[in-house]
Amino acid sequence: MIIAIVTLVISFLYEGFISNYITSYFNNYNIFTTLYTLIALVVLLPYFANKKKYYILLLIFGLLIDIIYTNTFVFNTVIFIFVSLFAGLMNNLLPNNIFSINLISVLSVILYHIITFIILSVLNYDVYSFKLLVNIILNSIIMTIIYTSVVYYLTKLLFKKNEVIQIK
């Protein structure tokens, strides 16, 4: 469990570092910006035999992102739950390998952005164009694949080194 928590803390802090020091504006979205904490949650999902512990971590880090980074309450947490349900379904359908986990991560990030776009549009809050949504998604794909691959190999190595098959 400690490996999962450390991975999530590092991803959470890295997300804050990137958002604060590598600026991205709506008009100038940058390839270093992606959803690092969400990616870590997607990569860690197959390691949890006890889904209750997984969802507790998801709720904690979703709320932390809501409160610290986006100044919202439960907005990202709810979206994280929907995305993790999707990722869980995909994990059941696909084998746990680097290609599958990258596919699931990319699709999860896309789903996150689409759900966010729909909710904000329906609520008529901070509405942005569909073209900008596509730009945000396209610019985040490269870093999503890179970060997913790094986290996948590091967690796999750490779990193997510590002889952990699954978190119970």
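We're numbering straight along the sequence, starting at 1.
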ILVMFWY network linking Tyr153 to Leu103, side-chain heavy atoms under 4.5 angstrom: yes
hydrophobic_cluster_shared for Val106 and Phe99, side chain cutoff 4.5 Å: no
Aromatic plane relationship, Tyr36 with Tyr14 - under 30° parallel, 30 to 60° tilted, over 60° perpendicular: perpendicular
Closest non-hydrogen atom pair, Leu38 against Ser108: CD2-O, 4.1 Å
Donor + acceptor pair across side chains of Thr144, Ser105 (<3.5 Å): no
Residues forming a ring-ring contact (aromatic ring centres under 6.0 Å, His included) with Phe75, sequence neighbours excluded: none
Ile2 and Asn162: CA distance, side-chain angles, deciding distance, side-chain contact (heavy atoms from CB on, under 4.5 Å) verdict: CA-CA 11 Å; Ile2 193 73; Asn162 292 307; over 6 Å; no
Backbone N/O of Ile98 and side chain of Asn102: donor-acceptor pair under 3.5 Å: yes
For Phe12, ring-ring contact (aromatic ring centres under 6.0 Å, His included) partners two or more places apart: Tyr69
Residue pair Phe48, Met1: steps toward the side-chain contact (heavy atoms from CB on, under 4.5 Å) verdict: CA-CA 9 Å; Phe48 280 85; Met1 180 82 161; 4.0 Å; yes
Spacing of OG belonging to Ser149 relative to CG belonging to Leu154, to within rounding of 0.5 Å: 10.5 Å
Note, Leu111 side chain near Leu107 side chain (heavy atom, < 4.5 Å): no
Partner residues of Phe17 under the ring-ring contact (aromatic ring centres under 6.0 Å, His included) criterion, sequence neighbours left out: Tyr21
All N/O donor-acceptor pairs, side-chain side in residues 54-64, below 3.5 Å, sequence neighbours left out:
from	atom 1	to	atom 2	distance (Å)
Tyr54	OH	Leu41	O	3.0

Residue pair Leu35 / His113: nearest heavy atoms and the distance that separates them: CD1-NE2, 4.0 Å
Rounded distance [0.5 Å steps], CE in Met143 versus CD1 in Ile145: 11.0 Å
Tyr112 and Phe82, any side-chain heavy atoms less than 4.5 Å apart: no
Gap between atom CG of Leu120 and atom CD1 of Ile115 - 0.5 Å precision: 11.5 Å
Which residues share a side chain to side chain donor-acceptor pair (under 3.5 Å) with Asn97, sequence neighbours left out: Ser100
Shared hydrophobic cluster for Leu157 and Ile39 (ILVMFWY, side-chain gaps under 4.5 Å): no
Ile10 and Val151: CA distance, side-chain angles, deciding distance, side-chain contact (heavy atoms from CB on, under 4.5 Å) verdict: CA-CA 10 Å; Ile10 290 169; Val151 172; over 6 Å; no
Closest non-hydrogen atom pair between Leu45 and Ala87, with its separation: CD2-C, 3.7 Å
Heavy-atom side-chain contact between Val42 and Thr148 under 4.5 Å: no
For Thr37 against Leu8, the heavy-atom pair lying closest together: O-CD2, 4.0 Å
Test side chain to side chain contact (heavy atoms under 4.5 Å, CB included) applied to Thr70 - qualifying residues, sequence neighbours left out: Ile65, Asp66, Thr72, Asn76
Contact check, side chains of Thr155 and Leu44, non-hydrogen atoms, under 4.5 Å: yes
Rounded distance [0.5 Å steps], CD1 in Ile141 versus OG1 in Thr34: 9.5 Å
Leu138, CG atom: more than 12 neighbouring heavy atoms under 6.0 Å: yes
Contact check, side chains of Ile136 and Phe117, non-hydrogen atoms, under 4.5 Å: no
Nearest-0.5 Å distance that lies between atom CG in Leu123 and atom CD1 in Ile118: 11.5 Å
Distance, nearest 0.5 Å, that separates CD1 of Ile3 from NZ of Lys161: 9.5 Å
